[in-house]
Amino acid sequence: MMLIVRSAVPALALLCLTAAPIAAQNKDDGLAIGRKMLADDNPGELWVERGKRLFFEKRGPKKASLEQCDLGVGPGRAEGAFARLPRYFPDTGKVQDLESRLLTCMVELQGFKREDIVKSRFGTLDRDSDMEALVSYVGSKSNGMKMNMPLADPKERDFYKAGEYLFFRRSGPLDFSCATCHTEDGKRVRLQELPNMTDPKQMQMVVSTGWPAYRGTQASVRTMQHRLYDCNWQMRQADLGYASDLSVALTSYLNHHANGGVVQLPGVRR
Amino acid sequence: MSEPMRIRATLQGDVADVRILMRHPMETGQRKDSKGEIIPVHFIQSVIVSHNGKQVLDAQWSQAVSRDPFLGLRVKGAKAGDKISVTWTDNKGDKRTDEATVAAAS
Amino acid sequence: MKSIKRALVLAPVVIAVGCVSFPDAETARSIGEQMVSEAYPGMPEALTRRAAQDPAQRICSKVGDAKLTPEEAAQVVQASSAAFKYPASNKLAGDWKVGAKLSADGGGMRIRDGQVEKSKENGALCVNCHALDPKDVNVGNVGPSLTGYGTQRGNSEAVVKYTYEKIYNAWAYFPCSNMPRLGHNGFLTPEQITHVVAYLIDPQSPVNKR
Amino acid sequence: MPKNRRTFLKLTGGAGALIAAVAAGLIPSRSAWSAWNKPGFESKALADALKSLGAANATVSKEIAITAPDIAENGSVVPVAVTSKIPNTESISILAEKNPFPLAASFDVSNGGEPYVSTRLKMGQTSDVWAVVKADGKYFTAKKEVKITIGGCG
């Protein structure tokens with residue numbers, strides 16, 4: 001039937017961090033007007049609003065808000081947190097990205113079960129994801145700031161270099177690595193532009209204007225973890241563990257390339 | 001329970017530029033759920049926009065309007081501080097009203 | 001690559017100062033491999049096995065701008081050439097119409113929620129990366145355009161054999177190419193490959209029509 | 001039979017409540033469901049939908065501007081804005097010709113509402129998007145083609 005059906009989404013598919021950044025599309029290719037019209041009134045703003053409510057609401061078995069959640073810039077502070085993640089957190093002894101850290105707070109402070117949050121991490125057309133809303137809110141609180149991910153702690157440098165190794169690591173029935181699709185300029189899978197992730201300029205655009213980003217084809221905000229999950233799916237690997245060290249290491253590698261990019265979240269993608 | 005709309009109203013001269021995002025599934029009645037059952041048609045049929053209590057736009061929609069709908073309009077003769085009120089009603093009879101204040105041009 | 005180079009250049013300098021050091025390549029590799037082993041929690045071994053590397057994949061995973069050594073390239077070519085399999089019929093060019101469908105099919109073997117996608121056969125994924133039918137504009141460019149492939153090369157036995165083997169295992173000709181080893185990895189059957197070969201070389205195929 | 005009866009009761013109940021609401025001044029009267037153009041929205045052919053709007057013999061007008069992308073990379077959110085420069089514009093309707101039900105939306109403007117609307121449509125395939133404007137009781141149209149592409153690695 002005509003009206004885009006949910007089941008069609010996997011078929012339309014999504015290779016690694018496809019979906020070129022909206023703001024980069026200034027050339028008049030027939031697509032630009034539509035992208036601008038969507039970006040000007042981004043439905044992702046609805047996720048930001050919901051995320052803000054969820055952040056301050058007393059929730060979970062422990063009836064706590066996230067106002068004591070330390071995202072790396074002090075308890076309850078969302079301002080500027082995204083621009084400095086992933087980073088090392090002494091309390092967990094781990095390098096964590098935004099989602100991994102929110103997961104920690106929702107479990108430790110609010111008493112949610114980890115497996116429940118993981119299960120509902122990606123929203124569907126019938127069920128919103130709290131995580132997607134929270135990430136939209138926290139991400140938006142770095143808007144206007146420059147990405148400035150630290151590599152001060154040795155663990156952060158371990159993750160960065162492991163992320164680099166993993167970016168180039170080929171495996172699976174299609175012999176893919178991230179690098180297969182993301183190390184050259186001007187490449188496309190079908191009509192979908194593929195950013196060159198070894199180019200800091202392109203990475204600044206990819207990271208600082210999404211993810212999180214509202215995806216028109218999925219009618220939802222999607223996060224970096226979802227982006228990596230879908231890449232990994234397209235590479236024919238098993239379900240990528242949510243907030244796994246591998247996913248955080250890749251994010252460390254990519255986000256550090258994006259340092260200096262001005263954050264404007266959530267973004268909009270196809 | 002429905003989610004609040006996001007209404008932005010900004011003055012450009014004496015015209016208020018009004019941009020409204022609504023949270024609604026806008027189900028077409030064509031989509032199937034994970035069990036293969038058709039999800040009933042469920043969409044916003046009517047949107048009324050008022051400026052200081054006077055109706056300026058009466059929209060009638062079909063299920064072809066996108067999920068999480070957007071509506072942009074312009075209202076002449078507006079001033080900063082004026083009230084913009086938006087009410088949607090869907091085919092199940094659910095409705096929601098939200099308000100915003102016209103902001104001076106930034 | 002610039003920022004990575006900068007990091008590598010910086011590393012020794014800062015080590016000298018004694019406060020910032022990056023793990024060396026071998027350490028990064030062992031941390032990375034540990035992460036791979038923990039990246040798929042709750043998944044059966046039959047699925048996580050896909051993330052393990054074969055020797056050629058290991059060689060082909062050069063980090064950054066590092067280049068293959070001639071010895072490594074020779075090793076990949078040799079291992080790849082030694083492992084060709086051909087269809088039982090030994091006929092290497094099949095039905096171009098079947099090949100046309102396969103080339104546009106991007107599915108097969110994907111895993112969601114621990115379940116492998118159910119499909120009759122895997123697609124050949126060609127148009128994701130290659131232009132083929134000049135009328136189809138919805139094509140990728142990660143690989144070179146193959147429009148007019150047969151027109152340019154003809155359909156001699158040698159061309160057919162080369163084309164078959166190239167699809168079966170691209171690394172036999174271009175070590176560590178981006179092109180997946182579709183036959184070698186069992187993603188496509190030898191019979192499926194013959195149909196894709198036909199789609200590329202058959203004079204009647206849209207690939208060779210202007 | 002029982003099912004039909006229930007539907008009937010439900011509908012009349014709903015209509016009753018609506019009338020009460022209108023009477024109580026809760027809803028501006030023009031927004032009552034009677035205003036929802038059922039025959040128009042349920043028309044499967046463009047011609048029928050135009051007829052339902054009273055626009056079967058509408059005049060093509062250059063005073064109507066349709067802003068929409070030449071190519072939409074996602075048919076489920078196609079931005080479409082319509083501006084009418086025709087004096088005394090009363091309403092703007094938007095139709096996607098190849099949709100199963102072409103009429104997507106109608107907008108009545110009044111009391112300072114400018115003849116401009118912007119929204120987003122679902123479009124299953126490449127199609128002309130039509131704008132129909134009613135001004136001073138007359139009908140005018142314009143159209144623009146929007147191509148729908150499929151990206152990704154399908």
Side-chain angles (χ1 to χ4, degrees), chain A residues 10-11 13 15 118 151-152 154 157-177 179-181 183-184 186-192 194 198-200 203 229 232-242 244-250 253 256-259, chain C residues 1-4 7 20-25 27-29 31-32 34-36 38-44 47-48 50-53 56-58 60-64 106-114 117 125 127-129 137-142 171 176 178-182 185-187:
Chain A
L15 205 57
V118 169
L151 285 179
R157 298 193 290 275
D158 283 356
F159 266 59
Y160 173 83
K161 289 302 281 186
E164 179 187 45
Y165 167 78
L166 292 164
F167 182 85
F168 290 97
R169 182 183 187 276
R170 301 183 75 167
S171 66
L174 293 177
D175 297 315
F176 283 161
S177 68
T180 308
C181 287
T183 48
E184 286 180 80
K187 293 295 182 187
R188 297 186 325 262
V189 160
R190 294 248 177 162
L191 292 182
Q192 200 60 54
L194 302 163
T198 61
D199 173 5
M203 276 319 289
Y229 174 91
N232 181 85
W233 169 77
Q234 196 62 267
M235 292 163 84
R236 272 70 181 175
Q237 297 295 356
D239 296 86
L240 180 62
Y242 192 63
S244 55
D245 283 351
L246 182 146
S247 65
V248 175
L250 279 171
Y253 175 67
H256 193 259
H257 281 191
N259 274 355
Chain C
M1 287 291 55
K2 265 180 218 139
S3 69
I4 301 167
V20 174
S21 69
F22 282 83
D24 63 20
T27 309
R29 179 188 145 79
I31 300 171
Q34 179 67 30
M35 288 174 173
V36 172
E38 296 165 355
Y40 306 102
M43 290 287 133
L47 300 183
T48 58
R50 292 186 186 182
Q53 290 179 301
Q57 285 174 330
R58 250 197 305 276
C60 292
S61 297
K62 291 286 174 200
V63 172
M109 278 183 87
R110 291 176 289 209
I111 299 168
R112 207 179 275 289
D113 300 330
E117 151 182 31
L125 323 171
V127 301
N128 286 347
C129 295
V137 294
N138 187 11
V139 295
N141 67 354
V142 174
W171 296 3
C176 302
N178 281 341
M179 168 110 173
R181 298 169 294 168
L182 293 166
N185 292 349
F187 198 83

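By convention in this document, chain letters (A, B, ...) are assigned in the order of the sequence lines, proteins followed by strands, and residues within each chain are numbered from 1. Quick caveat: nothing in here was measured; it's all calculated off a predicted structure.
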From the list C:P44, C:C176, C:A56, the residue making the most non-hydrogen contacts under 4.5 Å with chain A is C:C176
Proximal component of C:D24, with respect to chain A [non-hydrogen, under 4.5 Å]: neither
Quick check: closest heavy atoms across C:P23 and A:D158, and the distance to 0.1 Å? CG-OD1, 3.5 Å
So CE of C:M35 and CG of A:L246: to nearest 0.5 Å the spacing works out to 7.5 Å
So A:E184 and C:V142, do their side chains get closer than 4.5 Å, heavy atoms only? no
Among C:A51, C:P41, C:A28, single out the residue with the greatest number of heavy-atom pairs under 4.5 Å to chain A. C:A51
Under 4.5 Å from a heavy atom of chain A, the part of C:A52 involved: backbone
Can you confirm whether C:F22 sits close enough to A:L151 that some side-chain heavy atom of one is under 4.5 Å from a side-chain heavy atom of the other? yes
Could you state the interatomic distance from CD (C:E117) to CZ (A:R236), rounded to the nearest 0.5 Å? 6.5 Å
dist C:N138:CG -> A:R188:CZ (nearest 0.5 Å) comes out at 9.0 Å
Does A:K187 use its side chain to pair, donor to acceptor, with the backbone of C:N141 at less than 3.5 Å? yes
Toward chain C, the part of A:S244 with a non-hydrogen atom under 4.5 Å: side chain
Could you grab the distance from atom CE of C:M109 to atom CG of A:L174, nearest 0.5 Å is fine? 7.5 Å
Please round to the nearest 0.5 Å and tell me the distance separating atom OG1 of A:T180 and atom CG of C:N178. 5.0 Å
side-chain contact (heavy atoms from CB on, under 4.5 Å) between C:K62 and A:F168: does it pass, once the steps are laid out? CA-CA 6 Å; C:K62 291 286 174 200; A:F168 290 97; over 6 Å; no
With chain C, the option among A:A162, A:P154, A:G241, A:P173 that has the most non-hydrogen atom pairs under 4.5 Å is A:P173
My understanding is that only residues two or more places apart in sequence, or in another chain, count here; which of them pass side-chain contact (heavy atoms from CB on, under 4.5 Å) with A:A238? C:Y40, C:M43, C:L47, C:I111
Is the backbone N or O of C:R181 less than 3.5 Å from a side-chain atom of A:D175, with the two atoms forming a donor-acceptor pair by type? yes
Not counting sequence neighbours, which residues clear ring pair (Phe, Tyr, Trp, His ring centres under 6.0 Å) with A:F167? List them please. A:Y253
Can you check side chain to side chain donor-acceptor pair (under 3.5 Å) on A:Q234 and C:R110, steps first, answer last? CA-CA 6 Å; A:Q234 196 62 267; C:R110 291 176 289 209; 3.2 Å; yes
Hey, which of C:V139, C:V137, C:V127 is the one that makes side-chain contact (heavy atoms from CB on, under 4.5 Å) with A:R190? C:V127
How long is the straight-line distance from CE of A:M235 back to CZ of C:R50, given to the nearest 0.5 Å? 12.5 Å
Strictly distance-based, threshold 3.5 Å: is any side-chain N or O of C:Q53 a donor or acceptor partner for the main-chain N or O of A:R170? yes
When every non-hydrogen atom of A:F176 is compared with those of C:P180, the smallest separation belongs to CE2-CG, 3.9 Å
